[in-house]
Amino acid sequence: MQKLEESMQNHVTKSIIRYSSYKAYNKKVSYFNSSYYYILNLLLSPSPIKYHHCLYQGQKSRKCRMRTSSLKYLHTLSKQVWRGKSSAEEEDGFDGKVRNPKDEEAVQLLRDSLFLEHPQLPSILIDFHTLLRFLRMRDYDILKAKDSFLKYLKWREEFGVDAIFKEFKFEEYEEVQKYYPHGFHGVDRYGRPIYIERMGMLDVEALLKVTTTERLLKHHVYEQEKTARLRFPACTILASKQIASTTAIIDVKGLGASSLTKSTRYLFTEFQKIASNYYPETLNCLFIINAGSSFKILWKALKTFLDARTSSKIQVLRSNFRSKLVELIDPSNLPAFLGGECTCSARGGCMLSDKGPWNDPEILQRLESSKIKDDGDFATIEEAWLSAQSTPDQRCMQWGKEVAETPLSKTINQLEVTAEAANNKIRGVEAALEETKQVMESFVQQINDLKMNLKNSANLKN
């Protein structure tokens, strides 16, 4: 019996490797890799799939033990197959013109698994980059990524995320900015949106006099949704390549013990939970600037809580930070208080302006023309990318570029090639399933034969 099980496992191994020849990433990915709020939470702090076993008459049956063993084996095997070595470029190339085919295959596997339970999921929730972020958060473990994504869907429903995005109005925004200056401002040289937060000016006591914690959390969710639904697609069109992460700057000048209140810790803990659990893997890099000597010492201790990949995205800089920022950000997109050239005087200041391509009427019109639904949802990043490739990009002339219109016939040919490749994969899977079915039938027959032999042996002894 043990030899039969080993034979079955070897066959399944070969089938999976043959039809799922994907070598993903073996490098550990931090669960909090996406969220600079996790870093803030550390700064402000005062200090597996379950396998169900069958029981029969109080004891686990042999059949159930075999099923459980096989499930555990396949789960372990799937992680080995989907986690392989890859180049640094593949691991860090989250944005760009060309998708990693290995990522595409992993995303499709996760999408197919989700469709089995939720066939009516809207495209905006299961677009390529959204699913890829959950895969990376869970180290490309398909089962764990699916579990996290389903929790995300449940949270969206319970928190009323869609209603917040469509209906929430943060009328006190200008007052909030006086005590908690934060917001998006322009794009970096690659085309990613820039998020800026002036933590040293945070005054939670005054902040909570003009708003509430509940409304701040709704505002936070609204901004996360706006980034995913509008900022990333708009930046994708602007840069003519897929954009799905942000560059963040946290100014800690003036941050002292008075800022480390219980309300502060609670607020940023909630921000961190939302960003890490439901909007993972959206941080490209983080600059912590105006860090004093005491902060530098604290940072050395904090780094021990972070994995290598996360800490490599974070640069802690003193007051001479400008040269580092302008390497990644053009001075025209950098506020004057950070050493840049922008003041946004016509908009009440950089922190109130929300400056970026997501406010460009032409880009908004192109996004509007590529809506995926009639209820006002903006296009996914993929659709913005397709829009950027299939229509003349007049905006690129500002950058000294001209993008030619892709002929419709070429687009159709590409879709036909993609459809044929998908059909080939389906046929391969069907063949693998049929082969596995035949082996299973043979396996069952051998078990029946063994049972018959045991019965005959017992009869002969009697």
Side-chain angles (χ1 to χ4, degrees), residues 30 33-40 88-98 129 133 136 181-200 223 227 231-253 275 279 281-291 295-296 299 303 306 308-344 350-351 353-360 381 395-396 398-401:
S30 171
N33 192 21
S34 63
S35 176
Y36 54 85
Y37 287 110
Y38 176 61
I39 311 300
L40 294 178
E89 181 180 354
E90 288 175 326
E91 289 206 307
D92 297 328
F94 199 74
D95 302 298
K97 286 191 174 184
V98 181
H129 278 89
R133 284 196 283 269
R136 287 193 167 191
H182 68 286
F184 285 85
H185 185 275
V187 296
D188 64 18
R189 295 184 187 276
Y190 194 88
R192 304 179 188 94
I194 302 168
Y195 180 79
I196 301 170
E197 197 160 295
R198 306 185 74 177
M199 277 293 298
E223 289 298 316
T227 299
R231 292 190 179 103
F232 286 156
C235 289
T236 293
I237 290 180
L238 177 71
S240 291
K241 56 192 172 189
Q242 290 177 326
I243 300 297
S245 62
T246 62
T247 292
I249 303 171
I250 297 179
D251 186 355
V252 295
K253 183 178 181 179
Y279 301 94
E281 294 290 331
T282 55
L283 178 65
N284 172 63
C285 65
L286 167 63
F287 296 97
I288 300 176
I289 63 171
N290 284 317
F295 189 97
K296 282 275 191 178
W299 173 244
K303 285 182 70 174
L306 305 174
R309 183 166 177 243
T310 300
S311 60
S312 68
K313 293 184 175 186
I314 302 168
Q315 295 190 52
V316 178
L317 308 172
R318 294 181 181 270
S319 57
N320 56 342
F321 55 81
R322 186 182 184 279
S323 59
K324 283 290 185 180
L325 294 186
V326 297
E327 287 179 9
L328 186 60
I329 303 170
D330 188 89
S332 64
N333 278 313
L334 202 59
F337 61 80
L338 295 179
E341 302 171 355
C342 186
T343 60
C344 292
C350 292
M351 289 292 86
S353 68
D354 196 26
K355 171 184 174 181
W358 46 91
N359 291 316
D360 186 316
I381 295 174
R395 186 276 320 152
C396 281
Q398 300 172 13
W399 294 57
K401 302 177 184 177

Verdict with reasoning, His185 to Ser353, per side-chain contact (heavy atoms from CB on, under 4.5 Å):
CA-CA 7 Å; His185 185 275; Ser353 68; 3.6 Å; yes
Decide yes or no for [X] and [Y]: does some side-chain heavy atom of the first lie under 4.5 Å from some side-chain heavy atom of the second?
X	Y	result
Val187	Ile243	no
Thr247	Tyr190	no
Pro233	Trp358	no
Thr227	Tyr279	no

Between atom [atom1] of [X] and atom [atom2] of [Y], what is the distance when rounded to the nearest 0.5 Å?
X	Y	atom1	atom2	answer
Met199	Ile289	CE	CD1	13.0 Å
Lys355	Cys342	NZ	SG	3.5 Å
Asn290	Arg318	CG	CZ	11.0 Å
Lys324	Cys285	NZ	SG	11.0 Å
Leu334	Arg322	CG	CZ	7.5 Å
Arg198	His182	CZ	NE2	13.5 Å

Least distance between heavy atoms, [X] atom then [Y] atom:
X	Y	result
Arg192	Leu328	NH1-CD1, 4.5 Å
Pro331	Val326	CG-CG1, 4.2 Å
Arg189	Ile329	NH2-O, 3.7 Å
Cys235	Pro357	SG-CG, 3.8 Å
His129	Ala244	CD2-CB, 3.2 Å

Partner of Leu325 under side chain to side chain contact (heavy atoms under 4.5 Å, CB included), picked from Ile249, Asp330, Asn333, Ile194, is Ile249
Report task. Could you please spell out the steps behind the side-chain contact (heavy atoms from CB on, under 4.5 Å) verdict for Glu223 and Tyr195? Result -> CA-CA 11 Å; Glu223 289 298 316; Tyr195 180 79; over 6 Å; no
Working for side-chain contact (heavy atoms from CB on, under 4.5 Å), residues Met351 and Phe337
CA-CA 11 Å; Met351 289 292 86; Phe337 61 80; 4.2 Å; yes
